[in-house]
Amino acid sequence: MTNVVQTLEERGLLEALTSPDIRELVESPTVVYAGFDPTSDSLQVGNLVAIIGLCHFQRAGHRVIALAGGATGLIGDPSGKAAERDLPTVEAIEANVVGIRENLSRFLDFNHPTVPAGIVNNADWMAGYGYLQFLRDVGKHFRMGTMIGKDHVRARLEGESGMSYAEFSYQILQAYDFLHLLDKEGCRVQLGGSDQWGNITAGIDLIHKLRGESAHGVTIPLVCDSSGQKFGKSEGNAVFLDSRKTSCYDFYQFFLRTEDADAERFLKIFTFLELPEIDALVKAAERDPQKRITQARLAEEVTRMVHGDDGVRIAQRASDVLFGGELTNISADDLLAIFVDVPSTELPLDAIAGKAVVDIAVESGLVKSKGEARRLIANGGLYVNNQRVASADATVAKSHLVDRRVLVLRSGKRSYRLVKVV
RNA sequence: GGCGGGGUACUCAAGUGGACAACGAGGAUAGACUGUAAAUCUAUUGGCUUCGCCUUCGAAGGUUCGAAUCCUUCCCCCGCCA
């Protein structure tokens with residue numbers, strides 16, 4: 001079988017190993033898990049790296065388990081966080097678990113003939129665990145010195161923000177998950193982001209103390225773009241995997257806008273293309289950079305993985321039309337088909353015809369206030385049907401409505417809103 | 001529980017009775033140039049019925065012609081001590 005650790009390494013998906021023995025361990029089938037905290041009802045592209053890591057394990061013949069943190073999410077992982085977070089409600093976490101289970105189910109193969117993937121929720125074994133019993137069974141095996149010594153804990157204690165006891169305890173909860181999965185599933189490897197190092201080693205230590213067995217951790221890098229920004233934000237918003245939160249079009253565009261400097265690296269990380277093929281793409285892109293074939297392929301591959309062939313088709317068609325320029329000679333039905341994905345607002349005809357562009361822009365949610373709309377127009381950044389709005393006093397006429405039904409608003413190059421007549 | 005320090009816009013951070021919608025930096029958005037890239041330059045960054053008005057400086061009261069700035073109470077954070 002392919003050595004999955006080597007694969008991860010070749011693709012820039014390996015940050016660190018808790019022990020070099022892992023390379024040998026994965027020469028034969030093993031069980032690996034990665035946890036996902038339900039901080040939102042959909043996973044984000046940032047989580048994609050860990051998911052893809054799991055996929056590589058499954059492709060290499062290992063059994064993989066995705067863990068939804070229905071219990072740990074109630075506390076909140078302080079790793080990599082500069083300040084204490086507000087506690088989410090129990091209901092919110094339960095709802096979020098449903099969402100991320102759905103996300104995860106798209107990537108992992110649960111019907112694999114030999115190594116079907118699994119999904120578990122740590123609330124199933126944590127929720128009924130009594131506090132006293134937990135302290136006796138698990139807490140007793142943790143040393144204060146070790147816990148305080150973890151990077152993220154020390155950083156918080158030395159800084160101004162401090163840390164609550166609840167968040168401090170998080171590492172014990174995650175450690176126990178690992179122990180539980182060893183006992184129930186024979187899981188010996190935990191995969192996680194580099195910020196998970198402390199939590200993973202806590203689990204390894206606990207397993208060693210209580211079971212006398214060795215377990216291992218594999219961390220994957222935190223992906224940043226070439227300017228050092230954490231990956232996964234578009235216009236200040238997170239890019240979600242759920243098409244109800246981030247449309248296929250926006251998702252595709254997010255990857256299409258990748259900088260040249262990041263394209264090769266991202267192809268290796270986010271796609272399953274073979275390395276020689278990536279190499280060929282990069283070479284072709286160097287010869288003809290304005291075609292941006294690396295970005296196009298990256299966007300296509302990732303969008304297909306997350307949203308399927310239909311998602312790719314919708315996104316590409318919309319991209320062709322929107323970046324083609326004119327919206328003339330296109331029917332309302334075509335527009336609606338292209339924009340199925342784009343946020344839209346429904347307004348009665350008399351709330352559109354003759355009204356100020358500024359007001360409609362606010363109502364559609366394209367901008368937050370009329371002031372913002374005016375500024376945008378002053379900067380030449382607001383468009384109606386892809387025609388720049390010249391003045392803040394401009395109004396929308398009936399003739400602007402495509403087939404008397406649809407109006408397209410745009411801010412800058414990327415952000416669209418559709419207004420439908422009802 | 002005691003003592004000390006602190007809470008200002010998206011973030012960091014000035015401002016300690018009037019010139020404050022609040023310096024500066026970062027970020028963000030838009031424009032020009034481009035390849036839906038990078039770099040660079042420019043504009044904007046509380047709201048509105050926009051030469052003016054309204055609401056904001058942890059919360060609520062109070063002093064004052066006038067408060068982010070002074071007083072009172074409360075909430076939260078940090079540190080030290082018990």
Side-chain angles (χ1 to χ4, degrees), chain A residues 78 81-87 153-168 224-239 247 249-267 281-282 284-300 302-303 315-325 338 342 355-359 361-363 365-384 386-393 395 409-417:
Chain A
K81 295 285 185 299
E84 187 85 12
R85 290 186 287 174
D86 293 332
L87 278 181
V153 177
R154 202 152 16 121
R156 285 269 287 273
L157 293 180
E158 284 169 4
E160 294 223 320
S161 51
M163 178 182 266
S164 70
Y165 174 72
E167 285 196 4
F168 176 61
C224 293
D225 64 27
S226 56
S227 53
Q229 293 296 308
K230 195 171 169 182
F231 177 80
K233 292 273 159 95
S234 170
E235 292 164 54
N237 300 314
V239 177
S247 69
Y249 167 73
D250 284 332
F251 188 89
Y252 179 87
Q253 284 286 325
F254 172 75
F255 282 96
L256 191 66
R257 289 196 306 267
T258 301
E259 297 168 18
D260 291 2
D262 294 323
E264 179 178 4
R265 194 160 54 95
F266 286 3
L267 276 169
L281 279 171
V282 171
E286 278 167 8
R287 281 194 299 273
D288 218 351
Q290 67 278 14
K291 283 190 179 163
R292 299 163 48 256
I293 60 173
T294 44
Q295 283 94 334
R297 189 63 187 276
L298 174 69
E300 184 185 331
V302 184
T303 305
Q316 287 183 334
R317 188 157 164 235
S319 298
D320 287 346
V321 171
L322 299 182
F323 287 91
I338 288 163
V342 165
K355 298 292 181 192
V357 173
V358 167
D359 288 319
V362 174
E363 298 220 36
L366 183 70
V367 292
K368 286 203 283 293
S369 69
K370 293 185 192 179
E372 190 181 334
R374 287 200 185 90
R375 272 179 244 126
L376 201 58
I377 292 172
N379 279 328
L382 186 69
Y383 300 78
V384 172
N386 277 2
Q387 305 260 312
R388 180 175 285 174
V389 176
S391 140
D393 301 326
T395 55
L409 294 175
R410 181 180 125 207
S411 155
K413 284 179 183 155
R414 310 160 180 172
S415 186
Y416 283 88
R417 282 291 184 291

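Predicted model, so just to flag it, every value in this text is computed and none were measured. Every chain is numbered from 1 and lettered A, B, ... according to where its sequence line falls, protein lines coming before strand lines.
Between A:Val302 and A:Phe266 there is no side-chain heavy-atom pair separated by less than 4.5 Å. For the pair A:Ile377 and A:Val358, the minimum side-chain heavy-atom distance is below 4.5 Å. Two residues are said to be in side-chain contact when any heavy atoms from C-beta on lie closer than 4.5 Å; A:Tyr249 and A:Ser319 meet this criterion. A:Gln295 places none of its side-chain heavy atoms less than 4.5 Å from the side chain of A:Phe255. Side-chain contact between A:Asp288 and A:Ile293: absent, with no pair of heavy atoms (C-beta onward) separated by less than 4.5 Å. A 4.5 Å side-chain heavy-atom check between A:Leu409 and A:Tyr383 finds every atom pair outside the cut-off.
Across the protein-nucleic acid pair, A:Leu366 atom CG and B:U29 atom P stand 13 Å apart, rounded to whole Å. As a whole-Å value, the separation of A:Leu157 CG from B:C80 C1' is 15 Å. Atom CZ of A:Arg414 is separated from atom P of B:A28 by 11 Å (rounded to the nearest Å). If you measure from atom CZ of A:Arg287 to atom C1' of B:A37, you get 19 Å, rounded to the nearest angstrom. In this structure, the CZ atom of A:Arg265 is 15 Å from the C1' atom of B:A38, given to the nearest Å. The separation between A:Arg156 atom CZ and B:C77 atom P is 12 Å, rounded to whole Å. Between the C1' atom of B:A37 and the CG atom of A:Leu298 lies a distance of 13 Å, rounded to the nearest Å.
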Mind listing the N/O atom pairs, protein and nucleotides 44-53 of chain B, below 3.5 Å?
from  : atom 1 : to       : atom 2 : distance (Å)
B:U44 : O2'    : A:Arg375 : NE     : 3.4
B:G47 : OP1    : A:Ser369 : OG     : 2.9
B:G47 : OP2    : A:Arg375 : NH2    : 2.8
B:C48 : OP1    : A:Lys370 : N      : 2.6
B:C48 : OP2    : A:Ser369 : OG     : 3.4
B:C48 : OP2    : A:Gly371 : N      : 2.8
B:U49 : OP1    : A:Lys370 : NZ     : 2.6
B:U49 : OP2    : A:Arg374 : NH2    : 3.1
B:U50 : O4     : A:Arg374 : NH1    : 2.8

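Nearest to the side chain of A:Arg388, among B:A37, B:A32, B:A30, sits B:A32. Looking at the side chain of A:Glu259, the nearest of the listed nucleotides B:U36, B:G35, B:A38 is B:A38.
Separating the C1' atom of B:C65 from that of B:G26 is a span of 40 Å, rounded to the nearest Å. Comparing the P positions of B:G5 and B:G18 gives a spacing of 23 Å, expressed to the nearest Å. The same atom, C1', is picked in B:C78 and in B:U73; the two are 22 Å apart, to the nearest Å. Using C1' as the reference atom, B:C75 and B:G61 are 15 Å apart when rounded to the nearest Å. B:G52 and B:A21 are spaced 14 Å apart, taking the C1' atom of each and rounding to whole Å. The separation of B:A60 from B:C76, taken at their C1' atoms, amounts to 15 Å, rounded to a whole angstrom. Remark: the separation of the P atoms in B:U55 and B:C41 is 40 Å, to the nearest Å. B:A43 sits 25 Å from B:C53 when the C1' atoms are compared, rounded to a whole Å.
Looking at A:Glu167 and A:Arg156, a side-chain N of the basic residue comes within less than 4.0 Å of a carboxylate O on the acidic one, giving a salt bridge. For A:Asp320 and A:Arg317, the salt-bridge test fails: no basic side-chain N is under 4.0 Å from an acidic carboxylate O.
Nucleic acid contact for A:Leu256: base, since at least one base atom lies under 4.0 Å from a heavy atom of the residue.
With a cut-off of 3.5 Å on both pairing distances, B:U34 has no Watson-Crick or G-U wobble partner at all. The base-pairing partner of B:C80, taking Watson-Crick or G-U wobble contacts with both distances under 3.5 Å, is B:G2. With a cut-off of 3.5 Å on both pairing distances, the Watson-Crick or G-U wobble partner of B:G24 is B:C12. Pair assignment for B:A67 gives none, since no Watson-Crick or G-U wobble pairing has each distance under 3.5 Å.
In this model, the phosphate group of B:U36 is not approached by any side-chain N or O of A:Tyr249 to a distance below 4.0 Å at OP1 or OP2. In this model, the phosphate group of B:U34 is not approached by any side-chain N or O of A:Arg292 to a distance below 4.0 Å at OP1 or OP2.
Nearer to the 5' terminus of RNA chain B, by closest-nucleotide assignment, is the contact made by A:Leu376 (compared with the other of A:Ala261 and A:Leu376). Summary of the strand contacts: A:Gln290 and A:Tyr383 both lie near RNA chain B, and taking for each the nucleotide with the nearest heavy atom, the more 5' one is attributed to A:Tyr383.
For A:Lys291 against B:U36, a side-chain-to-base donor-acceptor contact under 3.5 Å is absent.
Among A:Arg375, A:Arg374, A:Lys370, the one residue that satisfies the side-chain contact (heavy atoms from CB on, under 4.5 Å) test with A:Glu372 is A:Arg375.
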